[in-house]
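First the structure, in the form of structure tokens, and then the observations on it.
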Amino acid sequence: MLQVFEFPHLQHVAAKYPSNTDWRKLCVKLNQIPGTTFTLLNALPHYHFESEEVPYTYFSPLQDLCGDKLSHHVLDLTLRNIYEDENVNKNLTQKWYAKKAMRYVTHTVLKTEWKQFFDQPPEKQHLEDGAILFARWCQPLVKLETSDIKQKLNAIADAVKDELILLHGDEHPAAIRICNYDDERCIPSLSLDQSKQTLHSMNRVLYSKLAFSGNTQDYYNTGNSMINQVLESKCGIPITLSILYQSIARRLGVALKPVNFPGHFLLVFDMSRHDGYSHQQQIYIDPFHKGKQRTADECQELTNTRIAGDSAHFRTCTAKDVYLRMTNNLIRSAPQNNDNQVLMALELCVEINPSDADALIMLARFYIHMEINLEEILQRLTHIRFTNNPLRASLVSFLMSKAQEMNDRLTEQDRNREKKRRENNPEIIYSCGLVMRHKRYNYHCVIYGWDSVCEMSDSWQQQMRVHSLQDKNEQPFYNVYVEDGSSRYAAQENLQYPTSPVVITHPDVGKCFEEFNEHYYVMNEAWQKKYPDDNNATRENYENHYGRLDC
């Protein structure tokens, strides 16, 4: 039984509960969470293993387990203890489902936090807070504490204060030490000259001393969009560096606003707030280029399109606009085969802006592509079915029909799951669980499925030049998890045994395999239902090639 209060890091959560809390009743509930979680995770493989993702309805019992903060912490701890187990090659299936459960639980909690964030007045919607929510949403397995991010931002602000004292003395208003940067009453009011001095000191600290920079070498890396990774690597893209820059400036008393400039996110310092300056004398700040200050005309060099100085592109935007742009960045920059990144970004886009019918349609298409959450998307599409846009109405009608058809087909498949017997497919040489090497591309992989002939479409076969193979498409093809994280479909003639088997660090290995025994991967019970002969065949294949095993 889990003794909750043996964990010191839970004490600060418990301390916030009301004095009249029924601790006996609550502790009984908390102690039931690990057992309930293990039961759910162990049952999942037996009724889900065909689709690429786990439908969210399968995890819905966990929603009841994280109704309060202490329960959520215990559930979080339970799931982390499973997938962070030091024995990385054992219990792979349970770890795989625990990670999927963690994403579901994290997103469930964050949906409430996003709503609370946008329910605040616009002036209270600090960009850093939403950026932290964004990073937690997109990295559900990372233990990311809001307080840690804020402490790093506070430390940078303090370093700027030291720089201001060095350059302008300790009487500069922005140099005054503040205990609570979240208390707006503590933020100083600066003159125009003091604001410019503060921005100058910020640039010296951020770019000269701390060496922050725009990531020109790996611009489309997902980490550039995560504030925790930007603070760690000191590299980012315009939008995250702008959030970082604006958050530091706010702590020092300089009010900067976000500008959704096309192709290159900017900040604006509105000089019209100071006497003697007009709206046309705004200064645009480019944190990606070391805080360079630009006029509206100078911003033209950042885009190939000529934009008028009074264009809407130069206007400040809302916090919601910022995060929608961040989600779109993730969708556009997602590496090939990284469906999870696109999925999380689309779901967040719909969560941030639920009235966006186009985003909902994109999410529906993606769910259909991944064959998940079909009943949920049918319910959502119903609300935008009738519209004044005939093309959209036609598309929604088509998607609903497609989702219903697929849902019925998957239900029928569940009733009549096909078993692939080796005795009926004598041309199959290799088997599920064998670690192989591709002859042409030299990657290592593990086999997790096979077909007696190529089952891909004619267009795929033409694109992959299957006709140039010796046995063309009339030979077995194997589904393989590749060490680079991709999943591929390889011809039998292109596979061979490696010098020795290696661990395949693919995120979905646990979906099919229970363990890697240092020789080959052992299928879990659910995957054995589809390939009932392959565990034995894999051991036999291994021993025929590498030699007899002792056990």
Side-chain angles (χ1 to χ4, degrees), residues 51-57 59 100 103-104 106-108 110-111 114-115 117-118 130-131 133-140 220-222 224-226 237 239 260 262-263 265 317-407 409-410 457 459-460 486-487:
S51 58
E52 294 181 35
E53 272 291 334
V54 186
Y56 298 157
T57 52
F59 291 125
K100 300 296 181 182
R103 186 178 75 182
Y104 174 84
T106 300
H107 286 182
T108 298
L110 285 174
K111 286 178 181 179
W114 274 113
K115 185 178 184 306
F117 177 80
F118 286 120
L133 293 178
F134 182 93
R136 288 169 59 199
W137 181 282
C138 297
Q139 305 166 102
Y220 296 101
N221 189 310
T222 304
N224 292 329
S225 296
M226 309 301 157
I237 53 177
I239 195 164
N260 213 352
F265 202 86
C317 61
T318 66
K320 181 176 290 189
D321 294 329
V322 174
Y323 308 127
L324 288 174
R325 180 160 175 167
M326 291 175 73
T327 60
N328 289 328
N329 286 344
L330 282 187
I331 294 169
R332 288 195 299 267
S333 67
Q336 189 176 10
N337 294 319
N338 194 341
D339 286 347
N340 280 330
Q341 178 176 320
V342 178
L343 176 62
M344 285 193 288
L346 281 173
E347 289 174 335
L348 181 54
C349 188
V350 171
E351 194 63 36
I352 291 174
N353 194 15
S355 62
D356 186 344
D358 291 330
L360 183 55
I361 288 172
M362 285 179 63
L363 180 60
R365 295 175 68 175
F366 209 77
Y367 278 167
I368 291 170
H369 163 69
M370 300 187 76
E371 300 185 350
I372 58 169
N373 305 332
L374 299 174
E375 293 183 1
E376 175 187 338
I377 208 62
L378 279 168
Q379 293 178 358
R380 289 199 178 195
L381 288 174
T382 301
H383 298 297
I384 61 169
R385 190 174 185 179
F386 302 106
T387 171
N388 293 327
N389 187 327
L391 290 177
R392 181 183 290 169
S394 176
L395 178 57
V396 168
S397 179
F398 169 78
L399 290 173
M400 291 184 67
S401 175
K402 188 74 173 176
Q404 187 61 61
E405 175 188 329
M406 184 172 289
N407 193 46
R409 176 174 59 79
L410 291 175
S457 65
S459 60
W460 182 91
S486 63
S487 302

Distance check, rounded to the nearest 0.5 Å: [X] atom [atom1] versus [Y] atom [atom2]?
X: M400; Y: N407; atom1: CE; atom2: CG; value: 12.0 Å
X: T327; Y: M344; atom1: OG1; atom2: CE; value: 12.5 Å
X: N353; Y: L324; atom1: CG; atom2: CG; value: 5.5 Å
X: K111; Y: I352; atom1: NZ; atom2: CD1; value: 12.5 Å
X: L343; Y: Q341; atom1: CG; atom2: CD; value: 11.0 Å
X: W137; Y: E347; atom1: CH2; atom2: CD; value: 6.0 Å

Heavy-atom neighbours of E375 CD exceed 12 at 6.0 Å: no
Where [X] and [Y] come nearest, the two heavy atoms and their spacing:
X: R136; Y: T106; value: O-CG2, 3.9 Å
X: P55; Y: N373; value: CA-OD1, 3.4 Å
X: L346; Y: L363; value: CB-CD1, 3.9 Å
X: A131; Y: Y323; value: N-CE2, 3.7 Å
X: L399; Y: I361; value: CD1-CG2, 3.6 Å
X: A135; Y: M226; value: CA-SD, 3.9 Å

Residues W114, H107; criterion side chain to side chain contact (heavy atoms under 4.5 Å, CB included); working and verdict: CA-CA 10 Å; W114 274 113; H107 286 182; over 6 Å; no
N/O donor-acceptor pair under 3.5 Å between T108 side chain and Y104 backbone: yes
cation_pi(K320, F118) dist<6.0 Å, angle<=45: yes
Parallel, tilted or perpendicular, as decided by the 30° and 60° cut-offs, for the rings of F366 and H369: tilted
V54/I372 under side chain to side chain contact (heavy atoms under 4.5 Å, CB included): CA gap, chis, key distance, verdict: CA-CA 7 Å; V54 186; I372 58 169; over 6 Å; no
Flag side-chain contact, heavy atom, 4.5 Å: T57 against E376: no
Close side-chain approach of I237 and F265, heavy atoms under 4.5 Å: no
